[in-house]
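Step one of this worksheet: look at the structure below.
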Amino acid sequence: MAKRIRVKDIFLAETDKNYTVMGWVRTFRNNQFIALNDGSCLANLQAVVDFEQSDPALLKRITTGASLKIEGKLITSQGKGQSVELIAENIEVLGDCDAEIYPLQPKKHSLEFLREIAHLRFRTNTFSAIFRVRHALAFGIHKFFNDRNFVYIHSPIVTGSDAEGAGEMFQVTAFDLNNIPRSEDGSINYKKDFFGKHTNLTVSGQLEAELGALALSDVYTFGPTFRAENSNTSRHLAEFWMIEPEVAFADLTDNMDLAEDMLKYLIQYVLGHCAEDLAFLEQRLLEEEKQKPQIERSEMALREKLTFCLEQPFERLTYTEAIDILKNSVPNKKGKFQYPIEKWGADLQSEHERYLVEKHFKRPVILTNYPKEIKAFYMRMDDDDKTVRAMDVLFPGIGEIIGGSQREERYDKLLKRMEEMHIPAEEMSWFLDTRRYGTVPHAGFGLGFERLVLFVTGMSNIRDVIPFPRFPGNAEF
Ligand code: 4AD
Ligand code: MG
């Protein structure tokens, strides 16, 4: 094809020269003004058509959604609203679009409707902005870790380990489900399955990342994870992406420092690289908030909220301290929590996390040293034998964005904890080996990528920040 210039670049290109652009028609006004978008940036390029000189049959084919190749001269714009415009000299329709049935009309569509046409929603301002921001965040994550000499580990997606899964795993099998091989006792004979054993989709790359960290010192994973939990909420997906750094020779404080540095770096990165998209998303959010009752509206605009998080040190406190605050809080005393906080040991719900962040501290919070009963087997036991060196990072509007811990590096303690939690040591010998052969203190965490994108874009449903969401009852596209 002819060499084309992207719309993003043409705004900075020299005028009074000829260029070729390609993209999709957003609108075509008065048989004269084409708003063309190619997804390279939010703004449309205005191409001006000389309708008196143009073939009427061609003009008819310039409809919303059609794809065009336009060649013409770039001039300083005479009209308001744009700096330059392209005087079209040659227009070629690459793909027609029947405007009568095209689902994306040039008007406002609800997010729910757009979710049903996720294959086309990339073409809207909102979703193209979200996915450019998502890209920038992904790129920023790799840059952050690469600049700090972390090694990117590709942990497996099909896993033979279900230690972390706790019944929330999707099984992977090549069996014909109508004819499953059975052993003599009637149980399923996984030895005959593809991998010769029972396998699942991974819920986390952590255990494998630990193996990497105990040789390469600083590693991270960034991959898809799968959870078959039946959480039909605006914060959960069945398939989501997770970033899991794992660091040798590190304790819980190092882990908190890394998490805080990383989140601040990423927020800063997006503020620096996605200014136009953030300004648009901020406006979108303001309009959405206008629909809400006054008390539910956010006090801060999007970019103000992002900057605010950068400037504040995250509040760090223990679970035990948090329980005291929650127990004595007004909503708890007035019975406003759906799950009242009665005693130490209670698992924290999103409503409690958000109270701490949004009402009490008014900034991101890192909670540490949770009761061992509500955390995973691999977290390092505290000296009191009651709490473990866990940490959750809680964000405004989101709740938990990161979960992590210092790991139990002491062989005997880890084995004991596995026994208590009925995790068969034989199946985890590879994991235990790292504690047998040159174990070291180490720590890591998992950042839910979509929760970060949700926070940065100011969207309110996680299904709108991943191109094709998977959730109970839905695996379209
Ligand atoms: O707290 P989680 O379950 O931690 C782990 O999986 C550890 N192995 C991480 C580690 O230490 N390496 O999950 C980590 C984060 C959560 O804080 C949340 O942001 C996100 O993953 N997350 C989800 N995001 C979307 N949909 C879901 N169903 C999620 N479940 C967890
Ligand atoms: Mg968690």
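Just follow the structure's listing: the first ligand is 1, and inside any ligand the first atom is 1.
Salt bridge annotation for Arg380-Asp251: absent, with no cationic side-chain nitrogen under 4.0 angstrom from a carboxylate oxygen. Comment: Glu289 does not engage Arg297 in a salt bridge, judged by the lack of any side-chain N to carboxylate O separation of less than 4.0 angstrom. Note on Lys290 versus Glu287: no salt bridge recorded, every NZ/NE/NH1/NH2 to OD/OE distance being 4.0 Å or above. One finds a salt bridge joining Asp392 and Lys375 here, because a Lys/Arg side-chain nitrogen approaches an Asp/Glu carboxylate oxygen to under 4.0 Å. In summary, Lys413 and Glu408 do not engage in a salt bridge, as defined by a charged side-chain N under 4.0 Å from a carboxylate O. For Arg316 and Asp257, the salt-bridge test passes: some basic side-chain N is under 4.0 Å from an acidic carboxylate O.
Near the Mg ion (ligand 2), less than 2.8 Å away, sit the protein N, O or S atoms Glu400 OE2.
The aromatic rings of Phe113 and His109 sit tilted relative to each other, their planes meeting at an angle between 30° and 60°.
Using a 4.5 Å heavy-atom cutoff, the side chains of Leu216 and Ile153 are in contact. The shortest distance between side-chain heavy atoms of Thr368 and Thr387 does not fall below 4.5 Å.
At a 4.0 Å heavy-atom cut-off, the residues surrounding ligand 1 are Glu164, Ser204, Gln206, Arg227, Glu229, Arg235, His236, Leu237, Phe240, Met242, Glu244, Tyr378, Glu400, Ile401, Ile402, Gly403, Gly404, Arg407, Gly444, Phe445, Gly446, Gly448, Arg451, Ile462, listed by chain and number.
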